[in-house]
Amino acid sequence: MVSTMKILFLGITNYKDPFIGDWQVDLRYTVSFLRKNGVEAELLCRFLLDDEEATVLSIKQKKPEYLFVHLREENDPALFAILYRLRKAFPEMVIITGGVLATLVGAELLSDHPEIDWLIAGEREPCLLEIANRLNKGESLNGVPGLITRAFQNTHGLLIPDLDDLGEMVHDGLEEMMARMPDDKKIGYLLSGRGCYARCSFCYVPGYYRHEGLSWRCRSVSAVIDELQHLSDRYAIRYFMFLDENFFGPGEIGKERAKSIATEIIARKLKINYFFCCRINDVEEETFQLLKESGLDRVGIGVESMQGESLQLFNKGVRAEQIYPALKILDKLEIKAEINMIFFDPYLTMEGLRDNLAFMHYVYEKDRLSYTSAYPFNELKPFPWSPITKRLQAEGLLNEADYTCRYRDPDVWEVVKFARRLRSKLPLIFKELVLSEDLVQRMDAAADRGIKDEMQRIVIALRYWIGLCLLPRYLSKACDVVEKSGPSLYPALDELENEFCKEMEPYVKDNGIL
């Protein structure tokens, strides 16, 4: 049966990093799934369009009845701005959004944003297919699992039990995107699984998938490697990033699957390198030795904290003493690691703070360790939907007006406030590399690719120096001041801030990194 539903997926990113392209991989699998099931679906990447006017014109030409946009923390300002424009341009089109916020605070989004018609809670594919099937039959949409409208709010959506049903991602616009990049800069993206076996209290994954059983599911090894090889051959890609929330499944099952992927890459003689994210307890020498042989050269790992009580608060399921040995395994195997931390949390003590600073110094001293593009001295963000928020509320450690934390240790609180002051001097924020307008213009004007590459290296090196050397040094000084200064605390911190600003002055212009 040919579906009566014609849906366009609009991929929107708000990354301001000029070195990042966005494949919108998850949407590509959704389009693939719907096409396999007879739904007329297409993907339009906002990344490939010059401006909002071009976006509106392109949508007008495609004439979709339904438009889906994926809402995530990084893109919501850009998304709501363009949705407002699209609502005015296409008053009859049904605008749908999904993602973590749509899943966890959907009713509030519909209340605050009249430009949105429907929300999908949880995995979108089963929900959209059921909508298409009901539209074909002329049936009511009330009762479709995961669909939220102003008229009704159905139960949470279903999970796809077999991710091979997604098929290979569609390549809409991908040819054009890859043509813009020189071969030595091409990066491929794909998905080998969804979900995570852990239940970290600050993480969106448990609430988003909302499943009593195991939310982690995977594609078969053959499906993953077939697609990897196809992308590599078609676009001459030699570096890949797996966008799984956690590349590993639980226990021995997860290790054996990872080994099987590595073994198949080796068997097919694929000359590639790749990256994935995993947990610190997934790092084990035998498994990672084989992954290294197959091309793994970099991993992303959430360390979160070096303080045991904080790890318990985060429900990480790991101990602080596991962290250094795991990183030493990666170092021994010459696998680079990008570290994430939640540097400040309400339970942090001054001893724990200094342990975190010592860890940052350890990262700085190691050639194969780095900090991710997220700001390296961030505070715990207790989202309204996260399990950790209920505990903080119960213990009086949450400012409910703005969902920020209160700190049990007054000395830690003084260092937190000082870190905020330093942070305000820098344009280093979540997943953005903000540059001065002058540098952006000079990069755009540089016809020579080598010049652009050199500018990129300089800016990235400067960011790591600020995040892993300069800021830790001043926060360490602030710890000394807080513990020793007594009545002269605030003048001493003011003097320290002025010293920091003077050291940063050669590198900052008009609130942008030069």
Side-chain angles (χ1 to χ4, degrees), residues 8-32 35 41-62 64 68-70 74-75 78 82 166-192 224-243 265 268 270-275 295 297-298 373 431-433 435 439-457 459-460:
L8 176 67
F9 290 79
L10 179 62
I12 297 178
T13 181
N14 193 37
Y15 294 149
K16 296 180 181 178
D17 191 329
F19 314 126
I20 290 179
D22 195 337
W23 277 27
Q24 304 288 333
V25 165
D26 218 35
L27 293 182
R28 292 183 181 278
Y29 287 108
T30 299
V31 174
S32 170
R35 286 180 183 173
E42 189 174 356
L43 173 65
L44 177 65
C45 286
R46 177 73 177 82
F47 176 76
L48 295 173
L49 302 169
D50 294 329
D51 52 31
E52 285 189 12
E53 194 63 41
T55 303
V56 171
L57 179 60
S58 185
I59 293 173
K60 186 175 182 180
Q61 292 170 342
K62 295 178 184 298
F68 183 95
V69 287
H70 184 73
E74 297 92 340
N75 77 352
I82 199 167
L166 294 173
E168 286 197 12
M169 73 176 81
V170 299
H171 289 209
D172 300 22
L174 200 52
E175 196 85 45
E176 179 183 354
M177 190 179 295
M178 298 310 294
R180 297 183 178 191
M181 304 181 67
D183 285 350
D184 63 340
K185 296 296 180 183
K186 288 179 180 177
I187 298 178
Y189 302 87
L190 74 160
L191 190 73
S192 82
V224 172
I225 306 305
D226 284 348
E227 182 166 36
L228 191 154
Q229 186 168 13
H230 182 199
L231 290 167
S232 179
D233 292 344
R234 181 171 178 179
Y235 299 111
I237 300 171
R238 296 293 173 261
Y239 199 93
F240 287 89
M241 298 184 73
F242 288 95
L243 299 184
I265 291 173
R268 297 196 193 189
L270 300 181
K271 303 302 181 183
I272 62 166
N273 292 108
Y274 60 96
F275 164 93
D297 70 347
R298 189 162 54 104
S373 53
K431 287 189 178 176
E432 291 187 14
L433 177 52
L435 311 178
L439 180 56
V440 171
Q441 291 171 8
R442 281 188 279 139
M443 289 183 69
D444 289 342
D448 188 311
R449 181 75 209 184
I451 295 176
K452 289 187 177 182
D453 289 346
E454 187 60 31
M455 287 180 172
Q456 176 178 350
R457 284 191 289 270
V459 172
I460 291 175

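When a residue number appears, it is its place in the shown sequence, counting from 1.
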Working to the nearest 0.5 Å, report the span between CG of Asp26 and CG of Leu243.
8.5 Å
Sidechain-backbone polar pair: Glu227 side chain, Met169 backbone, donor-acceptor under 3.5 Å:
yes
Spatial distance of atom CG (Leu44) from atom CD (Gln24) [nearest 0.5 Å]:
10.0 Å
Going by ring-ring contact (aromatic ring centres under 6.0 Å, His included), name the residues that satisfy it together with Tyr29, two or more places apart in sequence or in a different chain.
none
Least distance between heavy atoms, Met241 atom then Ile187 atom
CG-CG2, 3.9 Å
Between Leu228 and Phe242, does a side-chain contact (heavy atoms from CB on, under 4.5 Å) hold up when you go through it step by step?
CA-CA 10 Å; Leu228 191 154; Phe242 288 95; 3.8 Å; yes
Verdict with reasoning, Tyr235 to Glu175, per side-chain contact (heavy atoms from CB on, under 4.5 Å)
CA-CA 8 Å; Tyr235 299 111; Glu175 196 85 45; 3.8 Å; yes
Under the salt bridge (Lys or Arg N to Asp or Glu O under 4.0 Å) test, residues paired with Lys62 that sit two or more places apart:
Glu42
Inter-residue atom distance Phe240.CZ - Ser192.OG, 0.5 Å rounding
13.0 Å
Start with the C-alpha gap between His171 and Arg234, add the side-chain angles, then the distance that decides, and say whether side chain to side chain donor-acceptor pair (under 3.5 Å) holds.
CA-CA 11 Å; His171 289 209; Arg234 181 171 178 179; 2.9 Å; yes
Arg35 meets the salt bridge (Lys or Arg N to Asp or Glu O under 4.0 Å) criterion, sequence neighbours left out, with Asp172
Can you name the side chain to side chain donor-acceptor pair (under 3.5 Å) partners of Ser32, sequence neighbours left out?
none
My understanding is that only residues two or more places apart in sequence, or in another chain, count here; which of them pass side chain to side chain donor-acceptor pair (under 3.5 Å) with Arg298?
Tyr239, Glu338
I'd like to check the salt bridge (Lys or Arg N to Asp or Glu O under 4.0 Å) partners of Asp297; sequence neighbours left out, ordered by chain and number.
none
Between Gly11 and Leu27, what is the shortest heavy-atom contact and its length?
CA-CD1, 4.0 Å
Nearest heavy-atom neighbours spanning Ser232 and Ile272
OG-CG2, 4.1 Å
Does a side-chain heavy-atom distance below 4.5 Å link Leu174 with Arg28?
yes
Atom pair NE2/OG1 of His70 and Thr30 - distance to nearest 0.5 Å
9.0 Å
Report the distance from atom CG of Leu231 to atom CE of Met178, rounding to the nearest 0.5 Å.
8.5 Å
Could you go through the side-chain contact (heavy atoms from CB on, under 4.5 Å) check for Leu270 and Ile225 one step at a time?
CA-CA 10 Å; Leu270 300 181; Ile225 306 305; 4.1 Å; yes
Could you go step by step and tell me if Arg268 and Gln229 meet the side-chain contact (heavy atoms from CB on, under 4.5 Å) rule?
CA-CA 9 Å; Arg268 297 196 193 189; Gln229 186 168 13; 2.8 Å; yes
In Å and rounded to the nearest 0.5 Å, what is the OH to CH2 distance from Tyr189 to Trp23?
8.0 Å
